[in-house]
*Asks:* 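Below is the structure I would like to discuss, written out as structure tokens.
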Amino acid sequence: METISTFFQEYRKNTAERLRIIDGFLLYILATGIIQFVYCALVGTFPFNSFLSGFICCVGVFILTVCLRLQVNPKNEFRVTPERAFADYLLCNIILFLVVFNFMG
């Protein structure tokens, strides 16, 4: 238990607020994907396109958000401004959602 509390203390002390917000969003996306998968396993996959669309959307947004976190982290040496990284993130999310909506039919 002491290891976990030490981890959270170091995380709060050494991680920028912007990255903590992104990490919170990543946890939310992960929880949403897990809930969708458990629901599919318990209830069934009758509208299979809907399940695939929702799950693919969760996975895609999770991957894009991890990429945003890597680009915004000041410890990494990306030559992209945070504003440009966020604009790229939004554009990629729009493309992802258009593909998902098209797949749903």
*Asks:* Count I, L, V, M, F, W, Y as connected when their side-chain heavy atoms are under 4.5 Å apart, and connections chain through other members. Are Ile63 and Ile21 then in the same cluster?
*Replies:* no
*Asks:* For Arg84, look at atom CZ and say whether over 12 heavy atoms of other residues, nucleotides or ligands are found less than 6.0 Å away.
*Replies:* no
*Asks:* Classify the ring geometry of Phe8 against Tyr11: parallel below 30°, tilted from 30° to 60°, perpendicular beyond 60°.
*Replies:* perpendicular
*Asks:* According to a hydrophobic-cluster definition based on side-chain heavy atoms being under 4.5 Å apart (Ile, Leu, Val, Met, Phe, Trp, Tyr only), do Phe55 and Phe103 belong together?
*Replies:* yes
*Asks:* When you group the ILVMFWY residues by side-chain heavy-atom contacts below 4.5 Å and let the links chain together, are Ile56 and Leu98 in the same group?
*Replies:* no
*Asks:* So which of Val72, Asn73, Val66 actually passes side-chain contact (heavy atoms from CB on, under 4.5 Å) with Arg69?
*Replies:* Asn73
*Asks:* Measuring from atom CZ of Phe37 to atom CZ of Phe51, what distance do you get when rounded to the nearest 0.5 angstrom?
*Replies:* 6.0 Å
*Asks:* So, applying side-chain contact (heavy atoms from CB on, under 4.5 Å) with Tyr89, which one of Val61, Ile22, Ile94 is it?
*Replies:* Val61
*Asks:* Do you reckon Phe62 sits in the same ILVMFWY cluster as Ile95, going by side-chain contacts under 4.5 Å, direct or chained?
*Replies:* no
*Asks:* Could you grab the distance from atom CZ of Arg20 to atom OG1 of Thr15, nearest 0.5 Å is fine?
*Replies:* 7.0 Å
*Asks:* Looking at Phe78, I'd like to know if its CZ atom is crowded, meaning that more than 12 non-hydrogen atoms belonging to other residues, nucleotides or ligands lie closer than 6.0 Å.
*Replies:* yes
*Asks:* Atom CZ of Arg18 and atom CG of Leu68: how far apart are they, to the nearest 0.5 Å?
*Replies:* 9.0 Å
*Asks:* Hey, could you give me the CG/CZ distance between Asn93 and Phe86, rounded to the nearest 0.5 Å?
*Replies:* 9.0 Å
*Asks:* Can Leu26 be reached from Leu30 by stepping across I, L, V, M, F, W or Y side chains whose heavy atoms are under 4.5 Å apart?
*Replies:* yes
*Asks:* Hey, mind stepping through Glu10 and Lys13 against salt bridge (charged side-chain N to carboxylate O under 4.0 Å, His left out) and telling me if it holds?
*Replies:* CA-CA 5 Å; Glu10 290 295 321; Lys13 187 172 75 172; 3.7 Å; yes
*Asks:* How many angstroms lie between atom CG of Leu70 and atom OG1 of Thr65, to the nearest 0.5 angstrom?
*Replies:* 11.0 Å
*Asks:* Measure from the side-chain N and O atoms of Asn76 to the backbone N and O of Gln71, and report whether any donor-acceptor pair falls under 3.5 Å.
*Replies:* no
*Asks:* Please report the interatomic distance CD1(Ile29) to CG(Leu64), rounded to the nearest 0.5 Å.
*Replies:* 9.0 Å
